[in-house]
Amino acid sequence: MKIFIIEDEYAIRMELGQLLLKYGYECESSENFQNIGNEALNSGADLILLDINLPYQDGFQVCRDIRKQSNVPIIILSSRNTDFDELMGLNIGADDYISKPYNAQVLLARIQKILSRTYEVQSNAVLLHKGLTLNLLKATISYSGQEKELSKNELGILRILMVNKGNIIPRDAIIDELWQSEEFIDENTLNVNIVRLRKKLAEIGLPDYLITKRGMGYFV
Ligand code: CA
């Protein structure tokens, strides 16, 4: 998923870009604000982060211009005391508002929520959780610009865990789900696949993604 950042303050733009890249998003931005709305649209972004105080025209105008052409999700980043009241009174077609200074985890959660709501069709094929993207059609995991292919079993295990994110999934439930047709599955088969999956997650920078709850099962 690509996010276009419209922000004239260099430090904030860089900080946002690094944060989003770290969580597996592709990012684009520009230093030329004269035609920034069109530039964002032409980038093919899946979501736009929009500052309010900008050169040439303010973010409200940019938002209205984008809305004339596209329904791409827009999250407005507003400075708390100056823009916020005005912002609340305006109905300019943004999907969400976040005040600056923003909380990184809140921002990421809102982005993920809007993306999955907007791209529901794709989200059946792509699962996102804690920055990791699992592509069910390609059988790949990606994080922070790195990608790994998964085997059928690794894919199945991670899919169950990501669909049920935050909940502990018992070993038996995973075995039932993955190997229903087999008459007998060695406990060890699951262990081997978990080890391989953890190794691949570590190789793309997520060594602690898959957590073991001793005697209970696994969760992400
Ligand atoms: Ca600004």
Side-chain angles (χ1 to χ4, degrees), residues 1-123 126-133 142-147 204-206:
M1 290 271 153
K2 186 196 271 188
I3 298 179
F4 196 98
I5 302 167
I6 302 181
E7 165 65 71
D8 60 328
E9 235 171 284
Y10 178 79
I12 299 180
R13 195 164 71 230
M14 289 301 117
E15 186 187 271
L16 280 169
Q18 278 165 10
L19 174 73
L20 295 172
L21 279 176
K22 188 176 161 203
Y23 281 84
Y25 296 104
E26 211 181 314
C27 275
E28 211 171 305
S29 58
S30 174
E31 289 185 338
N32 178 4
F33 292 88
Q34 226 161 343
N35 199 15
I36 192 77
N38 277 327
E39 208 170 321
L41 284 176
N42 292 337
S43 74
D46 300 295
L47 183 144
I48 295 171
L49 287 181
L50 178 60
D51 181 29
I52 290 299
N53 294 312
L54 296 167
Y56 298 104
Q57 52 186 349
D58 65 21
F60 300 122
Q61 191 55 47
V62 175
C63 185
R64 287 189 201 97
D65 290 345
I66 291 173
R67 273 291 167 269
K68 284 177 194 159
Q69 304 176 58
S70 166
N71 284 321
V72 63
I74 299 172
I75 297 179
I76 287 182
L77 292 171
S78 69
S79 305
R80 195 182 294 266
N81 295 322
T82 50
D83 301 324
F84 197 68
D85 288 346
E86 185 184 359
L87 195 55
M88 293 305 283
L90 284 171
N91 181 6
I92 51 167
D95 295 83
D96 207 348
Y97 312 101
I98 291 173
S99 54
K100 285 196 277 194
Y102 60 88
N103 173 301
Q105 293 309 318
V106 169
L107 176 66
L108 289 164
R110 301 269 188 93
I111 288 173
Q112 192 166 327
K113 187 175 164 194
I114 290 176
L115 284 175
S116 55
R117 191 178 69 199
T118 309
Y119 303 101
E120 207 173 344
V121 178
Q122 286 96 322
S123 72
V126 177
L127 299 175
L128 290 165
H129 177 55
K130 289 184 180 166
L132 178 74
T133 303
S142 54
Y143 177 73
S144 205
Q146 297 194 76
E147 192 172 277
I204 61 169
L206 293 169

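Side-chain atoms are counted along with the backbone in the values below, which use heavy atoms only and exclude waters and symmetry mates. Both ligands and their constituent atoms are indexed starting at 1 by order of listing. This is a predicted model, so every value here is computed, not measured.
- Counting heavy atoms from C-beta outward, Tyr23 and Leu132 have side chains that stay 4.5 Å or more apart.
- Protein N/O/S atoms nearer than 3.0 Å to the Ca ion (ligand 1) total 3.
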Could you tabulate the donor-acceptor pairs under 3.5 Å formed by side-chain atoms of residues 40-49, not counting sequence neighbours?
unit_1, atom_1, unit_2, atom_2, d
Asn42, ND2, Asn38, O, 3.2
Ser43, OG, Ala40, O, 2.6
Ser43, OG, Ala45, N, 3.2
Asp46, OD2, Lys2, N, 2.7

Distance-only donor-acceptor pairs under 3.5 Å for side chains of residues 8-20, two or more places apart:
unit_1, atom_1, unit_2, atom_2, d
Arg13, NH1, Glu7, O, 3.0
Arg13, NH2, Glu31, OE2, 3.1
Glu15, OE2, Tyr102, OH, 2.6

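- Glu39 meets the side chain to side chain donor-acceptor pair (under 3.5 Å) test with Ser30; sequence neighbours excluded.
- Counted by atom type alone, Asp65 and Gln61 present one or more donor-acceptor pairs between their side chains at under 3.5 Å.
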* To do: Give the intermediate values and the outcome of salt bridge (Lys or Arg N to Asp or Glu O under 4.0 Å) for residues Asp96 and Lys113.
  => CA-CA 11 Å; Asp96 207 348; Lys113 187 175 164 194; over 6 Å; no
